[in-house]
Each structure stands twice: as structure tokens, then as C-alpha cells.
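This report refers to the structure that appears directly beneath it.
Each residue takes its place number in the sequence, starting with 1. In each ligand, atom 1 is the first atom listed, and ligand 1 is the first ligand listed. On a predicted model such as this, the values are computed, not experimentally measured, just so you know.
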Amino acid sequence: MSTNTAAAASLEAAIRNVPDFPKPGIQFKDITPVLSDAALFASCIEQLIGSHKPGSIDVVVGIDARGFIFAAPAAIKLGAGFVPVRKKGKLPFDTMEESYDLEYGSNTVAIHTDAIRPGTRILLIDDLLATGGTASAALNLLQKSRAQIVEVVFFIELAFLNGRDRFKGLPIRSLVTY
Ligand code: AMP
């Protein structure tokens, strides 16, 4: 594990590792102890926002489902809108979809076709970067909408899975790295 700052180290200390969930061999990073602590949750949102200032971001995009927990408060703090990227079949209006491969099978994420205008300045937030399949599919949807990706930020990064490689050329940051 490595953390970038002392503030991130406090977050890291609260992340609970749950072995073999949801299946054998997975070390699940449980963020609920961070969320239930008022000071840590607030600090986590501040750190995800980083050096971005109100007026510099138009829309914070969060990814279904834990990404929403972080993206929505960050949006309010930045005076920005919030747009969800959801799992297929959840959004009620016209959608664009993007599929990506999993170890077994595939997943599809979707966004409303009218959610992002060309040039919209986006901060993309998710809880955890593993293989990067989910976030890069979300990114593809945003790029098809000709959004301007200001930064992609994760609370946690599992660096040994090299998910970061899918975001070459884009500003990408994580708070706690394993
Ligand atoms: P990936 O598409 O492989 O980058 O997976 C990212 C998504 O899967 C994240 O949004 C996480 O919610 C979830 N995820 C993957 N691995 C873990 C893990 N070890 N602990 C907690 N969540 C995980």
C-alpha cells in the first residue's frame, strides 16, 4: 500500500479489507467505515476534489453505484451538476451504451443521450480502479459526447491490475494505492 498524503493515510487506515468477498481470492476494499465517519467522509470528498475550484468543472460524473456516493457531494461542493453512468437497463430515457469484457462475460454501462453537451468540463469519479474496464467504458461514453475530461479520480487504486494503462494521456489520480 502507498498513500500520497497524510490525509490519504487516515482514509487508508479506515478501509476494511474483506478477504474472499464476493468470491474466493478477491480482497474486497470495504469503504463503509470511511463513509460512516463524518470527518473522514468529508476529508475524502475534499481530497477527491483536490485542486479543482468551483467554476472549473461543469459536471461531475459518477459511476454506478459506489461512485455516486462520492460524485454527488463533490458536485455540490464544486457548484457543478451531477450525471450518473449507470448499469444497462436502469436509465429511463434514451441512452448510449458501452460494453466491456469481464473475466467471465461482459458488462454494459449507459448514459442519457442528452446528459453531456460537447465541451462540457468533466470530473469523472469512481470508488475504485481495478482493471479499469468500468471507468474506461464510462470514459468512452463521455468522449463520444465530445466532453472535455478534466480529470479521472478514484478513491482507491489496485495498481497491480494496471487499470491506469487504459487512461494514457489523461489526467488520472487516486487517493489510496494498493
Ligand atoms: P474494474 O472495472 O475492474 O476497474 O472494477 C471497478 C469496479 O469494481 C469498481 O467500481 C469497484 O466498485 C468494483 N471492485 C473491483 N474490485 C474491487 C475490490 N477489490 N474491492 C472493492 N470493489 C471492487
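- For atom 2 (O) of ligand 1, the nearest non-hydrogen atom of the protein is Thr134 OG1, 2.5 Å.
- Through direct or relayed side-chain contacts under 4.5 Å between Ile, Leu, Val, Met, Phe, Trp and Tyr, Val18 connects to Phe21, Phe28.
- With respect to Lys144 and Glu98, a salt bridge is recorded, a charged nitrogen being found less than 4.0 Å from a carboxylate O.
- Listed by number with element, the atoms of ligand 1 under 4.0 Å from a non-hydrogen atom of Leu158 are 19 (N).
- Interface of Thr131 with ligand 1, defined as ligand atoms under 4.0 Å from a residue heavy atom, comprises 1 (P), 2 (O), 3 (O), 4 (O).
- Screening Ile125, Ile172, Leu175, Thr177 for a side chain to side chain contact (heavy atoms under 4.5 Å, CB included) with Phe154, the sole residue that qualifies is Ile172.
- Using modelled atom types, one finds a donor on one side chain and an acceptor on the other under 3.5 Å when comparing Lys29 with Asn17.
- In terms of polar-atom proximity, defined here as any N/O pair under 3.5 Å, Gly132 does make such a contact with ligand 1.
- Looking from atom 19 (N) of ligand 1 to the surrounding protein, the closest heavy atom is Gln27 O, 3.0 Å.
- Close approach of ligand 1 to Asp127 (heavy-atom distance below 4.0 Å) involves ligand atoms 9 (C), 10 (O), 11 (C), 12 (O).
- The protein heavy atom nearest to atom 20 (N) of ligand 1 is Lys29 N, 2.9 Å.
- Counting only N and O atoms by type, the side chains of Tyr100 and Thr134 include a donor and acceptor under 3.5 Å apart.
- Ring centroids of Phe70 and Phe155 are separated by less than 6.0 Å, placing the two rings close together.
- A donor-acceptor pair under 3.5 Å is formed between the side chain of Asp58 and the backbone N or O of Arg121.
- Where the criterion is an N or O separation shorter than 3.5 Å, residue side chain and backbone included, Arg66 meets it with respect to ligand 1.
- Not a single protein heavy atom sits closer than 4.0 Å to atom 8 (O) of ligand 1.
- Closest to atom 6 (C) of ligand 1 by heavy atom, among Leu128, Asp64, Val109, is Leu128.
- Here's the thing with Ala130: one of its N/O atoms is less than 3.5 angstrom from an N/O atom of ligand 1.
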Test side chain to side chain contact (heavy atoms under 4.5 Å, CB included) applied to Ser174 and Arg164, step by step: CA-CA 10 Å; Ser174 58; Arg164 188 175 272 265; 3.9 Å; yes
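- Close approach of ligand 1 to Asp126 is summarised as follows: ligand atoms under 4.0 Å from at least one heavy atom of the residue are 10 (O).
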